[in-house]
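Just so it is clear: chains get the letters A, B, ... in the order the sequence lines come, proteins before strands, and each one is counted from 1.
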2 protein chains.
Amino acid sequence: MRLFAQHGYAAVSMRQIARDVGVQAGALYNYTPDKQSLLFDLMQTHMGDLLAARAELPMEPDPVAALKAFARLHLRFHAERPDEVFIAYMELRNLSDDNFTKIEEMRRAYEDQLEAILRAGIEQGVFRVADSKIATMAAIAMLTGVNTWFRQGGRLSLSEVEQIYWEMLRQAVGAQSE
Amino acid sequence: MRLFAQHGYAAVSMRQIARDVGVQAGALYNYTPDKQSLLFDLMQTHMGDLLAARAELPMEPDPVAALKAFARLHLRFHAERPDEVFIAYMELRNLSDDNFTKIEEMRRAYEDQLEAILRAGIEQGVFRVADSKIATMAAIAMLTGVNTWFRQGGRLSLSEVEQIYWEMLRQAVGAQSE
DNA sequence: GTCTATATGAAGATAGAC
DNA sequence: GTCTATCTTCATATAGAC
């Protein structure tokens with residue numbers, strides 16, 4: 001995962017991976033059928049963990065509370081896993097067709113959860129956005145973008161960053177402060 | 001550019017490029033000293049075009065108007081160049097150290113322009129955001145995210161998308177509608 | 001379960017004829 | 001300016017000894 005995140009899947013050789021874990025290249029094939037499976041397993045595990053974390057959130061009847069919980073989870077989950085997230089976004093095109101389809105389904109399922117929250121809030125009149133689909137994509141892009149700059153131990157703590165992003169997201173969807 | 005965007009820099013061979021443009025591999029070296037220069041030139045041209053387009057925007061004394069103009073430019077510029085943008089974001093790690101530094105400087109210069117607008121608006125009390133740096137990164141991430149889903153000729157026109165994103169961004173930074 | 005050795009192919013880049 | 005041919009290195013993956 002570290003090597004793929006740093007150099008990219010295509011640029012990393014099985015020999016590099018073997019050197020990094022302290023075996024010869026041939027020995028890797030006792031653990032994986034091929035290089036593609038290494039990438040797919042990383043991405044499938046990542047998306048599975050994300051969906052599981054989402055499923056563990058308590059049900060929130062209030063759309064604002066639900067959005068806040070979703071946003072906090074998304075931001076924290078991503079900020080804590082820079083390598084996994086980088087791979088999940090950058091290496092989609094290096095998946096085989098079958099594997100790509102599976103990962104895309106998981107991603108779609110996750111996005112649908114956010115859109116459901118936004119739709120509920122729009123129906124109840126607590127969110128003011130013109131298009132739930134665009135708002136979904138905008139929210140995810142904004143929150144995931146934290147990984148382009150945030151580093152643990154920097155100017156701001158993760159809690160502070162969560163708070164600031166939540167305020168911006170809350171305003172973006174036109175929700176009143178709680 | 002098309003091949004790099006589709007398969008990734010590392011996964012594209014000089015032979016593939018040659019086949020695509022209709023020459024033999026050796027002939028490419030009459031046009032470029034090496035593969036790295038192809039990537040760097042694409043990215044440098046892209047960032048240069050972006051900075052030039054930004055520089056051509058009229059000066060707006062009102063921070064809200066300035067932000068709106070910046071957002072429209074950013075969104076349109078990116079939506080119209082999916083391949084260039086994809087490469088500019090995904091292939092940074094495949095640049096040599098020197099080339100990476102040059103591209104990063106250009107990106108930083110661009111981000112600084114947005115942050116200056118946000119700072120001015122905060123000082124004048126027309127924006128309500130906790131941190132101008134985070135707001136800068138959030139705004140850019142949100143707008144650039146349009147490339148993950150927008151396609152010309154889809155459900156929404158670029159003008160409609162511009163309008164919807166602007167409303168969300170305006171609300172996100174706490175600005176009143178004009 | 002790891003090793004060495006290797007099969008097989010493709011990579012970036014260059015040389016030199018035309 | 002393009003070609004063919006080639007240098008050199010590296011790739012994924014497998015075979016078979018230990």
Can you give each donor-acceptor pair under 3.5 Å made by side-chain atoms of residues 167-175 of chain A, sequence neighbours left out, with the distance rounded to 0.1 Å?
from, atom 1, to, atom 2, distance (Å)
A:Glu167, OE1, A:Arg170, NH2, 2.7
A:Arg170, NH1, A:Ala175, O, 2.7
A:Gln171, OE1, B:Arg128, NE, 3.2
A:Gln171, OE1, B:Arg128, NH2, 3.3
A:Gln171, NE2, B:Arg128, O, 3.3
A:Gln171, NE2, B:Ala172, O, 2.6

In short, ring pair (Phe, Tyr, Trp, His ring centres under 6.0 Å) pairs touching residues 33-61 of chain A with sequence neighbours left out are A:His46-A:Phe77
To the nearest angstrom, the OH-C1' distance between B:Tyr31 and D:dG1 comes to 6 Å
In whole angstroms, the gap separating C1' of D:dG1 from CD of B:Gln24 amounts to 13 Å
Can you pull every protein N or O that's under 3.5 Å from an N or O on nucleotides 10-17 of chain C?
from, atom 1, to, atom 2, distance (Å)
C:dA11, OP1, B:Ser13, OG, 3.2
C:dG12, OP1, B:Val12, O, 3.4
C:dG12, OP1, B:Lys35, NZ, 2.9
C:dG12, OP2, B:Met14, N, 2.7
C:dG12, N7, B:Arg15, NH1, 3.0
C:dG12, O6, B:Arg15, NH2, 3.1
C:dA13, OP2, B:Tyr29, OH, 3.1
C:dA13, OP2, B:Lys35, N, 3.1

Between B:Ile140 and A:Thr148, is any pair of side-chain heavy atoms under 4.5 Å apart? no
Review point. So, do A:Trp149 and B:Ile134 sit near enough that their side-chain heavy atoms are less than 4.5 Å apart?
Key: yes
A:Arg107 meets the side chain to side chain contact (heavy atoms under 4.5 Å, CB included) criterion, sequence neighbours left out, with A:Met47, A:Tyr89, A:Leu92, A:Glu104, A:Glu111
For A:Glu162, the salt bridge (charged side-chain N to carboxylate O under 4.0 Å, His left out) test, sequence neighbours excluded, returns A:Arg72, A:Arg76
Does a side-chain N-to-carboxylate-O contact under 4.0 Å join A:Asp20 and A:Arg2?
-> yes
*asked:* For a quick check under 3.5 Å, do B:Thr101 and B:Asp98 share a side-chain donor-acceptor pair by atom type?
replied: no
Sorted by number, residues from residues 95-103 of chain A placing a heavy atom under 4.0 Å from DNA chain D are none
